[in-house]
Structures are given as C-alpha cells and as structure tokens.
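See below for the structure under consideration.
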Amino acid sequence: MSRREHLLEVRNLEVVYPARGGTVQAVRDVSFTVDEGESTGIVGESGSGKSTIARAALGLVELPGRIVGGEVLWRGRSLRNKKYARQVRGPEISVVSQDPMASMSPILTIGTQMTEVMVRHLDLGKKEAVVRAGDLLEKVGIPDPGRRLGQYPFEFSGGMQQRVVIAIALSCDPKMLIADEPTTALDVTTQAQILDLISSLRRDLGLSLLLITHDLGVVAGACDLLNVLYAGEIVESGTADELFYRPHHPYTAALLGSTPRLDVKAERLTAIEGQPPDLRQVVAGCSFAPRCPYATGRCESSPTLGTSSAGRACACWHPLDSHQGNLTGSEGRLGHA
Amino acid sequence: MPSALLEVEGLTVTFNVGREGFWGQRRRRLTAVDDISFSIKRGETFGLVGESGSGKTTTGRAILGKVPIASGRVRFAGRDITGMEGKERRSIRQNMQLIPQNPYGSLNPRMKVRDLVAEPLVVHQRFPSARRATERVVELLELTGMNPDDLYKYPHAFSGGQRQRIVIARALALNPDLIIADEPVSALDVSIQAQVVNLLQDLQRRLDLTYIFIAHDLAVVRHISHRIGIMYAGKLVEVANGEDVYRTPIHPYTEALLSSVPIPDPRIERDRAAKVIPGEPPDPMQPPPGCRFHARCPLVQKRCIEEAPPLEVKKPEHQAACWLR
Amino acid sequence: MSSARPTGNRDRSRRAAGWAIRILRDPAALFGILVLLLLVAAALFASTIAPLDPNKQDLGARLLPPFYAEGGSSEHVLGTDQLGRDVFSRIIHGTRISLTIPLVSVTLAGIFGTAVGLLSGYSGGRADTVIMRIVDTLFSFPGLLLALTILAVVGPSFWTLAIVLSLRIWMVFARLTRGLVLSAREAEYVEAAELVGASPTRIMMRHIAPNLTAPLLTLAVLESAHVILSEAALSFLGLGIQPPQTSWGLDVAIGRQYVFSAPWLIIFPGIAIAVAVLGINLLASWLRVAADPEESAKRFAAAADAPTGWSE
Amino acid sequence: MGRYLLKRLSQAVLVVISVMVVVFVVTRLIGDPVAVMLPLEATEENRAILEAQLGLDRPILVQLGHYIVDAVQLDLGDSLWQRRPAIDIVLERLPPTIVLVVAGFVLGVLLGVVIGVVSSLRPGGWVDRAAVTLGLLGVSLPQFWIGLMFIVFFSVGLGWFPTSGSGGIEFLVLPAVVLALPIVGRIALVTRSSMIDEMNAQHVKDAVARGVSRTRIVLVHALKGAGIATLTIAGWELIGALAGGAVVVETVYAWPGIGFTAMQAIERHDIILVQAVVFVVAIMVVTINIIVDITYAMLDPRVKLDRAR
C-alpha cells in the first residue's frame, strides 16, 4: 500500500443508530479512499448504508446516529474533529443530494444561498460574491444568471434546480464533490444532462467525485473505481471495468444480473431471492449468505475484504473466479469483455 | 383471437388548475393527455413510457375512470366504458385492476393482509366476509409467492417487495382481464424489482393477463413489453413492437430518450457520443404549437413549428408522429 | 425500516398494554392522567369527599385562614370565606361545574363540528367552499367579547354558558375533521379501495373514519382545557356560573374583595384551575405525540429509543 | 396586490357586518334590550319612551337596516350610561388598550420566539424540557388569577408596582406581563416544534453540509421557515389578546381601556356601549387578519396573493 496521502480516507468506519427493537448497524467496517482527481462510486440498495457513508464523509452523522469506530480522514486529519470538519465543508468538500427542491431553502433566493458560503469561506465581499455566483450559474448552464440569482428554487424546473444545487456546491471551489443519488429524482433526459455536466465539471476543475447511487448504469459511465455495498459492508471493490466484466462477489454478479439492460433483451432477469438482513440483529458470517447460491458452511464465518489482486478486493469465501461458468457464462453478457 | 381488449380513441384529459380573473371567473386548464389513440390485444403487455408530466399516468387513470375524460372513447372488450360511473363503473372494475407505484401507501395500514386481499372479493359479494374468503386469499398469496402464514399481519411488517406482492394478490382476486401497472417496480430496489418483474411475467403466462405497463424506466419496459407507446408532453409520439422501438426508432424524441438511458457497461458508456439532448419538456400550461418536441429536436423544420404531426403508420405495425420520417 | 407498531394477531391487548406502559413511563402523561382521574372522582363523589356543605354559612367562622397559618384549623383545611363557608369543600364541589361545562360544550361542539367537517370534506366542491367560508368568517369574530355580550343580554345560566362556549369550538372541530377527511381521501390506499370497487359508504367507514378518532379525541381533550379556562374567566367576570352554584372562577371573583386580608380565597381555587388545565394539557400534548408516530419521532429526537432522521 | 387587497377588504367588511348582525340578532331578538336597560321599577310608559328613542317600535328589518347604515357612518348611538355618543367613549378608551395589547403582544412574541428557538437547539435536553414545561404553564394558568397573584406578591408583598389603575410605565408592567404569559407559552411551543421540523429538513442538513455557519443555519435558514409557521399563531394571539385577554386583564388591573369599559357597560346594562366596543374590536380583528396575510406573503415567496384563495 502506498503511503501517499489520500484526499479522503475512510478507515474501518462503524456507524450505528438506535431504532425500536434494537440498534441498527448501519455501516460496518467500511474502508475506502478517494484520491485527487479520482472518481469513486459507492453502489448499494436502499438500507445498505450508502447515504450514511456520504454523511460521514462530510464529518456529519445526524443524531441519534453515532460513529462507534473507525476514522474519516480528510488530507490525513480526522473529520471527527468538528472544528476541522466545519472548516473543510464548503471550501474543500461539498455535496449534491437527491432531491434538488428539498435540498435548497424554499424561502431564500438562489443568490443568497450561493453567496452565503462564499462570504464565509472565501472572504469575499457581498458584491464580489454575487459576481462569482453569476459566473457559476453560467458555468452550470443556466442562462440569464443575473435575473436568476434573485429567484427562488420553486421558480426553476427540476433539472435547472439540480444545476443550481451543483452551482451552490461549487461556490467555494471544493476539491471533492459528494453526489448522493444526484439524478434519481430526475427524468432520464435530464439525468443525462446532469451526468454530462458533472463529468465535464470534473474534467475542467479537476474535481474528485464520490458518487453514491443504486443505479449501475449511472456509475458505469461516471466512476473509475467502485465499491459495492451490501448490508452496511463493502463486499467488493475495484475498477469499474473489473467489477462490471469480472465480478468476483456473488452479490455484485447478482446485482448485474437483476438489472434489466436497454441494449440486450434478456429472456428473464436473475432475481436475487429473499431480502437483505435486518441490521438490528447481529449478522453472523457473510451477510449475503442467506441469499447466495454458492453459500456453504464456511460462510457462517465472516469473510474479510481481502485483496485478491492489485487494487481489487472481495469479501467472499467463494469468489466467482472459481465457478465463473455458472453465473456469468450462462447470462452470456457479463463475460462479453 | 378476438380483436382488441382495450381501445382508446382520441383520449383527451384536461384538468382545472385554479381560476383566473377578479372573481375567479376564468378557469385555468391544463391538457394532460391530448388526443391519443391506441389499442391493446388480449394477452399482451403494452408498455407506456414517458418522462414525468408526459401524461402516461393520467392515461392509465382515465382508462380506470379515475379522472374525467374531456373527449374521446375508451372501449373495453368491445363495450364503451367512457364516462361510466357509480355501480356500472364499479362492476367494470372487476375486470380492470390497478397496481400502483407506491407499495407503502397503497395498503391501508390498519388492515390485516387477509382483509386487504379479501376486500375486492367482499365488495363484489363473491364472499360474505373476509373470514369466509380466507381460503381464496391463501390461494392468491401463494400465487404471488407470499407465505400464507402472513395472513394476519399488518402491511408495515413487510418490505417493499412483499407489499407489492400483496398488492398484486389483491389485484388478481377478481380474476381481472386487464391490469394497469403504474410504475409498479420503480420504488423497489433492483434485486427486488427483478423478483416482481419476473412474477408479473409468470402471472401473465399462467392467467392470460393483459397488462398496461406504465413506467419511466425504458430498460424495464423493454424487458417486459410486447408493444410500446412513447409519450411526450401529453402526446403519443410513437407506437410499435418493443424490438422495433428499440432497434429502429422513428421519432427523434424516442431516439433521444433511448440514447439518454445509461447502460450498466463502462465501455459502452465511455464510448458513447452525444447522448444529451438539450432543454426540458414544455410547460403543460402552455404547450408549444406544432410538434411538442420541436424546440429540442435536432431535425426541426418550419413545418414542425407550425403544424402538429399526426400519429400515422410509417412501417407495418409501427406508428409515429413526425413530419420528417 | 424500523416500525413502531407491533405485529401479529394478539395486537389489540398488546397494544393496550403498550399504551399503558408508555403512559407510566412519561411522568408528564402520568401526571395528566392522575389529575384527570382525581377530578372525575372529586366530581362524582363530591358530597362524600368534601368534609362540609359548600353552601353552609357559619358567620362565626368567617375568613378563617388555612391550616398552616396562624389561627387555621384542621376543620377548615383551606380556611373559610367571608360567609364562613369551607373553601376546601367549595373547591371539591366546584369540580362538578369545571368538568360538566367542558363535557357538555365539547360534546355539543364536537358532534356538530365533526358533522359539518365530514360534510364539507367529503362532499367537496361548492358545499365545501361555502361551509368553509362561513367558518372563516365566524372565526374572525371577536371571541370572548362576543360571548360576554351574548351572556350579558341573554343572561348567564349553565346552558347559555355551555352553548356560548361551544360556539367557537365547533369550528375547530369542523376544520380539523375536514382537513383529516381531505388528507385521508388523498391517501393512496383509499384510491386503491375505490379501484377495487368499494362503495362510498365502505370507503368512509372502513378507510377514512379510523383516521379521525385519535386526532379528534386529542382535540376534545385539548379543547376541554380551553373551556375550563374560559368558564373560569367568564365566572370571574360575573357572567358565568351564578351563585348559589359554585365554580372555581366564581370563588376567585368573590375572594377578590378580600385579596389583601384573605389571599387564600383566591389562591386555592386558582391552583385548582391551574392544576386541572395543566393536567389536561399535558395529557393532550402527550396524546398528540403518542397517536402520531411521526410526531413522536421528532419529539425528543435525541432520546435513545427514537427512530432516525436520515434519508435512507 | 391591489386587487387582492380590494378583495380582502370586501371580505373584511362582510365579516364586520355579520358581527353586527349577530350582535343585533342577539340583542333585539333573543334578549330584550329595553328590559335589560331599564331599572326594575320602570313603568310601561318609561318602556315605551325608551323603545321609541331606540327605534325599537319599528319593523325589525327596518331597524337592522338603519342600524347598519348608521354603523357605517360610525353612528352607534348614545351610551345610556354616559349620555354621549358611544363611539366617542370607545375611541377615548382605545389608546390605553392598544398600549397594553401591543406591549403584551410584543413581549410575548419576543420571549416566546427566543424560548422556542433556544429549546429547539437540543430537543429533549433539560433546557428544552424546562421550556416546554414553562410553555405549558403559560397556556394553563388562568390570566385573571395570575393577575391577582401578581398583585398579592409584587404590589402588596414587595411593593414594586401599583396594584391597579393607570399612569406611568410602572402601571403597565404587571398587566402587560400577565397579558403576555399565554402568548409566550403558545408561541414558544409552536416555534419550538416548527424549528425542530426545520432543523430536520433536508435543506437545512444540506446547508450544513455545504458549509453554512451554524448561526446562519439557525437564525436564517431555520428561523425564517419557522417564523412563517409561527406567524399565523401570532396573529391569533394578537386577536385573542385584543378580544379576550385585554378584557380580563383590564378588569383585574382597572386599566382604563375598552375591555374594562365593556365590563363597566355590561354592569350598567349599557347595551349600546357594548355594541360599540364589539364593533370597533371587530374592525381591528379583521385588520389584523389582513395584515397577517400580507406579512405571510412577504415572508414566503411561494405565496402569491393574487392567486391565494
């Protein structure tokens, strides 16, 4: 492992929150890094803990949730230090979340919401901030920024709102953008526009991206590195190509198999039977084992996220290399690399 | 095979959205669905695709009689059901059921699974009470892959996928011919979504069901549908067999829509060029003249701005509304 | 994901037990329940509990101070008034008025208001607009002042008081009921029931009505507290309960003339009002939270057993 | 905006007229004004004279018509007690009431908002619990009783303030505080609960994540939103203080405002004067309602006045 300093490093993160009938182990021993200019994806279904990770990466875990173990480091310093986290949020890390309408205050103008952070973190005067805000709106593709700055979020369409949210997120020139399901609330043509905008901004500004989504299609184009999350754990990580074309973990493979594709007509989707585990109970062994076709007695003890090949890790006792023909072969599309 | 199970002719739905003028004397109207026609054969799945505000959900609700129809006809099994109300409508509902989008909202949280699934049976007097219907309910639950032990649980005890199975069981209770599924899987996780899609396909085969499958997710629609209709801003712009729509789309909007869908394949995504079309759908309060898509269309010509193209047969079994192709 | 309600078939008894436990756990709610029970007991058994006849005058024992003060005795625990009547006994008997007035007004207003609200919410359209416009207009009436005027002209009595006090409350019930019906009608499961062919009656009874009971009950409790306060205020102003009936507000009004020499005449009836109202208010605010899982989630969000606020 | 105001004003006039009609109906049809006004020993002749003087011998609809037409011209008749135009008396006694109500209202809202905001910062903490208890006390204690208790403690016991009457600012303190108490309670409870809602709203969480300062989050993002919810309640409180609280508090402290006057008039069976008070208060109530609606539209950009209602 290189000792190069990572931009964001999440190390053995554990987050719990109390709920009726027990404590939910929302995030369990999660580690990953994001380096300068890198684009990392976290893919998971609902309840897998991905939004909690997004929040933790900002140094925020909302009450009554608690970080009970591990570290979140930004440039090597812990974001669990509240003061440091407050300095970093805005000028270093910023966020774009799912529902743009809900993400902005409905009763403050776009201008106010853009300039307030600049005035605080960039030491800009009100006037300079307004000029910069206008430039940013233009950059994210909003025409007539001068007039738009005085408007309220409800006066924008959904796609335009998400552009504004992106502009607000960029207002202090951050190093990394955390995008938590940034296109889930949008229509498909608008989604394409927003994904396009994010990737071109990334190129132009050298932004790092932590993209959190349930949509494999979205990460396929937007991310270099992927982490697959299941029941609060990262079960597999690696480059996008490796994960998509040669998934090792049965969950990753199953997820790909159950996603209908526009370009291929499959006779039948390979559904994953059963439900994710109830995280209020302690999960013994591999959390995917109850739904896994390859599970054996060995899976009753937890597999570790061992590194199987360079930069690639998979938490499974029976990684799919050994019986590739079973799943990927029969589907005839995972193996077409 | 008899002709069409469902025929929709010139369906138009308008909504009043507030009033204008000093005394509120003028109504503001929104045309949600504008003069659309299609027909569905028994046993097929008709996918209705469009972005939000395209009118696809309203179309489904108009067929079900949940929104008033401004003009046009809906014929079900040869019978005109336009504007049917009260008892008549209720009896038609035995043959026509809805699977709604939100599995969390569509089950009364105060009722047990048995009572929920039995409700249609009791309402239509197939059984005197939910208790007497228990056997049939068990049958239905088993049909949809639920455990009969769940009879006496409340909906909150179930996950989204299980709830959707309960909803499906309930929809099947009266042996309907037509099921209108309005975004039935879009609230579900991918792995669960696949379970429900497979279930719907199995049920169709076993029970000879006809589906209208309304969704925004083109990949799911392609997977499940035999024929597909594409809606844009209240208009039906293209109707064809599923494979034709995907392989040889005619309408530029269909093309744009297809190219906007991300494919879970990094290489395809990386190599893809120009997948973005500019702009957004028009304001439904002020639809543009001519073709609704003209402002975003790369091929737009003068005629498109002046005159709305009709939906016409361009190839066998393939209709589209475009002047240029 | 984390759900508040229990599962299974033995729900009902378990749910009742659950409510009991939740009341016991919350000191505020417990206080409220106890106050209410005490008040009801005092009202029902006033003659037994009260040591003396509240109207029995004893001019030889005028303005005696309470037991703790010099000159006080255990015979008149809370002292006597200017006519030598026992303050404690008067407070016990005052409970009757303080409870029956809200009972009568809230019942009257509740039934009428709920009926109007149901009509308005379910019929919708023009009828709804007209009814709600009327309610809006009536709501802008200067409440207490108008009540005073009516009472002054018509003459105060138990029934005029009860009716005047219910004049405002029915509108609150009407508005709440209408709102509840409207939002319940919007519920997807109501539409789902309509789509399987359920009749309007069934929809109303089976799917909409169950949503009304808890909030309406809470409102009734809350409004009772308001009525107790209003009755006391009107009686204090001399336009409520008239002698020889007793009421806490009336006692304060009488004691007012002796505020410097015999403050106990106002202190104790006032405390009675305050405790009664506070208890009922506590119960109402607990009910509101307990009956609404969303509300209870947000309240004391930092407390250990609360569900979370995050988005997944 | 102008169109909206016109519409609201016409509605307001309607409200005032219906208040007048209700009072009219109550006094002339249900009650017997002459009997109420005359002393017990009055003769049939006295009665006839008074009836003629009040115009009660005319058909009821004619009476109503005259009554409303006169009221529009601010002619509400002569007070029987003071033998001069009732409206003059009311207008004379109005300023003290306005002083009292404004003082109590401002005090109540300020304190209430501060307590509500502070307690919302740590829901469930001891500050919060104390504030909630305080708020519940504020809405549970009878005002007339607290008023008397204050006199007992602060005036008689400690001698800090005069017991009653009017004059300098020292006369205002106790009545204003008493008037403010329930306002503090309700405003605090409502502000607290809407602040908690706001603080849990996605846009506030995201503003934190984007680096907006905590102070700005609380005072701008959350409080502005919560303020909109509080505004409606504040409007009701102002109306309640004017049409209810003031009557009680003025009576307890012999504060020479319209509430006290109304009580005096009732004691003297001066129905004309009572009507005049109700009329003036009704006008103020509808005015407050309009002001609240306009403020609402100013605070919340989503509300468009012309489309409202």
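Just so we're clear, the structure is a prediction, and the values are computed from it rather than from any experiment. Every chain is numbered from 1, with letters handed out A, B, ... down the list of sequences.
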How far apart are the closest heavy atoms of [X] and [Y], and which atoms are they?
X: B/P262; Y: A/V218; answer: CB-N, 4.1 Å
X: B/A219; Y: A/P260; answer: CB-O, 3.4 Å
X: B/R296; Y: A/T189; answer: NH2-OG1, 3.4 Å
X: A/R291; Y: B/S191; answer: NH2-OG, 3.3 Å
X: B/L258; Y: A/L262; answer: O-CD2, 3.4 Å
X: A/G274; Y: B/Q195; answer: O-NE2, 3.2 Å

Can you measure from [atom1] ([X]) to [atom2] ([Y]) and round to the nearest 0.5 angstrom?
X: A/D215; Y: B/D217; atom1: CG; atom2: CG; answer: 8.0 Å
X: B/I192; Y: A/S258; atom1: CD1; atom2: OG; answer: 9.0 Å
X: A/L195; Y: B/S260; atom1: CG; atom2: OG; answer: 10.0 Å
X: A/I272; Y: B/D189; atom1: CD1; atom2: CG; answer: 9.5 Å
X: B/E280; Y: A/F156; atom1: CD; atom2: CZ; answer: 11.5 Å
X: A/F244; Y: B/I263; atom1: CZ; atom2: CD1; answer: 11.0 Å

Should we say atom CZ of B/R206 is surrounded by more than 12 heavy atoms from elsewhere, each under 6.0 Å from it?
no
Out of A/D241, A/L216, A/L186, return the one with the most heavy atom pairs under 4.5 angstrom to chain B.
A/D241
Show your reasoning for whether side chain to side chain contact (heavy atoms under 4.5 Å, CB included) applies to A/Y245 and B/R267.
CA-CA 10 Å; A/Y245 300 128; B/R267 248 163 258 169; 3.1 Å; yes
Could you tell me whether a side-chain N or O of [X] sits under 3.5 Å from a main-chain N or O of [Y], the two making a donor and an acceptor?
X: B/N198; Y: A/L269; value: yes
X: A/Q275; Y: B/F158; value: no
X: A/Q193; Y: B/I277; value: yes

When the 4.5 angstrom heavy-atom criterion is applied to B/P281 and chain A, the contacting part is neither
Please look at B/V190 and chain A and tell me whether the side chain, the backbone, both or neither of the residue comes under 4.5 angstrom of a heavy atom of that chain.
both
Would you mind reporting whether B/H223 and A/V264 have side-chain heavy atoms less than 4.5 Å apart?
no
Is there a side-chain contact between A/R261 and B/V261 (heavy atoms, below 4.5 Å)?
no
For chain A, which residues of residues 50-60 of chain B have at least one non-hydrogen atom nearer than 4.5 Å to it?
B/E51, B/S52
State which residues pass ring-ring contact (aromatic ring centres under 6.0 Å, His included) with B/F46; sequence neighbours excluded, sorted by chain then number.
B/F38
With a 4.5 angstrom heavy-atom cut-off, could you sort out which part of A/E273 is near chain B: side chain, backbone, both or neither?
both
If one checks every heavy atom of A/Q191 against chain B at 4.5 Å, the contacting part turns out to be side chain
Winner by heavy-atom pair count (cut-off under 4.5 Å) against chain A, out of B/G161, B/P278, B/P266, B/A194
B/P266
Pair count under 4.5 Å, heavy atoms only, with chain A: among B/Q193, B/E243, B/Q201, highest is B/E243
Check B/R222 with A/D263, please: is the shortest side-chain N to carboxylate O separation under 4.0 Å?
no
